[in-house]
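Data block below; observations after.
Nothing fancy with the numbering, it's 1 onward along the sequence. Numbering of ligands and ligand atoms starts at 1, following listing order.
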Amino acid sequence: MRILFLGAPGAGKGTQCKKLAEKYQLPHLSSGDLLRAAVRAGTAAGKAAKEYMDKGVLVPDHVLIDMFREKLTTPECAKGFILDGFPRNVPQAESLDELLNEIHASLSVVINLHTDDELLTERITGRRSCSNKDCGAVYHVKSFPPKNDNKCDVCGSELYQRSDDRQELVESRLLTYREQTEPLIDYYTDKHLLRTVSGEGDVNEIFGHVIDTLNGKG
Ligand code: AP5
């Protein structure tokens with residue numbers, strides 16, 4: 001299966017993709033996680049990306065396209081993959097189409113996680129992430145708090161708030177989503193690939209709807 005997740009910042013893409021990756025043993029390719037790893041590692045891509053991420057706007061397309069070309073052509077992705085956060089605008093979607101053509105593959109389905117703006121803001125500003133890059137567990141101060149204050153349940157490392165999860169950047173991220181990413185809903189509807197799943201409610205309930213959708217029952 002080759003699955004693509006669309007959805008606004010904080011819609012719960014990462015949360016659902018991780019569960020799906022575990023269930024189907026597929027690689028989960030999160031553009032945000034890959035970019036943050038590149039920033040931490042100080043690579044050329046990371047250096048190019050940082051100033052854009054800090055403003056809550058899109059990183060230049062070529063950075064993402066190169067990054068995903070490298071990933072999607074690895075043997076690990078031959079049996080399928082889950083894309084989370086890429087593509088994020090129409091030129092990136094067209095580049096993905098070309099890339100998939102080159103490797104004789106196509107998307108199986110595009111899942112659009114739909115969540116109201118008010119909830120998105122609460123989810124983004126309340127998110128806390130594990131500082132251990134090999135763990136990367138994600139919590140929420142209200143809906144999924146860690147058992148011990150500010151420590152990861154899985155590995156015990158400190159939790160931190162992503163620099164782009166501050167209230168003052170949320171508006172810019174949501175605006176970027178509306179202007180640049182939302183047009184992909186029409187793009188994939190026209191290709192008869194889009195399925196919309198509500199991103200509101202209990203995580204496991206949403207996951208059930210995602211699975212039903214993948215099984216053609218959604
Ligand atoms: P990225 O990291 O991709 O951020 P995003 O799309 O804004 O998505 P998020 O990670 O904020 O949210 P999510 O939908 O994964 O939600 P999550 O599951 O964590 O991108 C960051 C930046 O990188 C961009 O701004 C841009 O600069 C750059 N970038 C990335 N891709 C790019 C591209 N293709 N082109 C150019 N630039 C790019 O959930 C959020 C919170 O809610 C968590 O705390 C979670 O625990 C909680 N939660 C989740 N589901 C539920 C639920 N059902 N109930 C209650 N709480 C829930």
Practice prompt. In sequence, state the C-alpha distance, the side-chain angles, and the governing distance for Gln161 and Arg127, and then conclude on side chain to side chain contact (heavy atoms under 4.5 Å, CB included).
Written response: CA-CA 7 Å; Gln161 183 177 36; Arg127 173 169 40 203; over 6 Å; no
Practice prompt. Report the part of Asp164 (side chain from C-beta onward, or backbone N, CA, C, O) that has a heavy atom under 4.0 Å from ligand 1; answer both or neither where that applies.
Written response: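 For Asp164, the contact with ligand 1 is made by the side chain alone.
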Fill in: Residue part near ligand 1, for Arg128, under 4.0 Å between non-hydrogen atoms
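It is neither part, as no heavy atom is under 4.0 Å.
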Nitrogen or oxygen atoms of [X] and ligand 1 under 3.5 Å apart:
X	value
Tyr139	yes
Leu58	no
Gly10	yes

Counting only heavy atoms, tell me which of [options] gets closest to [atom].
atom	options	result
atom 36 (C) of ligand 1	Asp84, Val170, Val59, Leu83	Val59
atom 9 (P) of ligand 1	Glu200, Glu122, Arg127, Lys18	Arg127
atom 41 (C) of ligand 1	Gln180, Arg173, Arg123	Arg123
atom 34 (N) of ligand 1	Pro60, Cys17, Gly85, Ala8	Gly85
atom 54 (N) of ligand 1	Gly12, Gly201, Pro9	Gly201
atom 5 (P) of ligand 1	Arg88, Glu51, Met67	Arg88

Worksheet item: Which atoms form the tightest heavy-atom contact between Pro183 and Val90, and what is the distance?
Response: CB-CG2, 4.3 Å
Fill in: Shortest non-hydrogen contact between Gly10 and Arg123, atoms and distance
O-CD, 3.2 Å
Indicate yes or no for a side-chain donor-acceptor contact from [X] to the backbone of [Y] under 3.5 Å, with no hydrogens or angles considered.
X	Y	answer
Glu171	Glu168	no
Arg173	Asp164	yes
Ser108	Ile3	no

Worksheet item: Would you say Lys191 and Leu107 make side-chain contact, with heavy atoms under 4.5 Å?
Response: no
Does ligand 1 have any atom that is closer than 4.0 Å to a heavy atom of [X]?
X	result
Gly126	no
Ile124	no
Ala49	no
Gly7	no
Arg36	yes
Arg162	yes

Worksheet entry | Those atoms of ligand 1 less than 4.0 Å from some heavy atom in Ala11 | 14 (O)
Worksheet item: Counting only heavy atoms not in Lys79, do more than 12 sit closer than 6.0 Å to its NZ atom?
Response: yes
Item to complete: Considering heavy atoms of the protein only, find what lies nearest to atom 26 (C) of ligand 1 and give residue, atom and distance to 0.1 Å.
Response: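 The answer is Val57 O, 3.5 Å.
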Item to complete: Quick one: pull up CD1 in Ile65 and CG in Leu99 and give me the separation to the nearest 0.5 Å.
Response: 9.0 Å
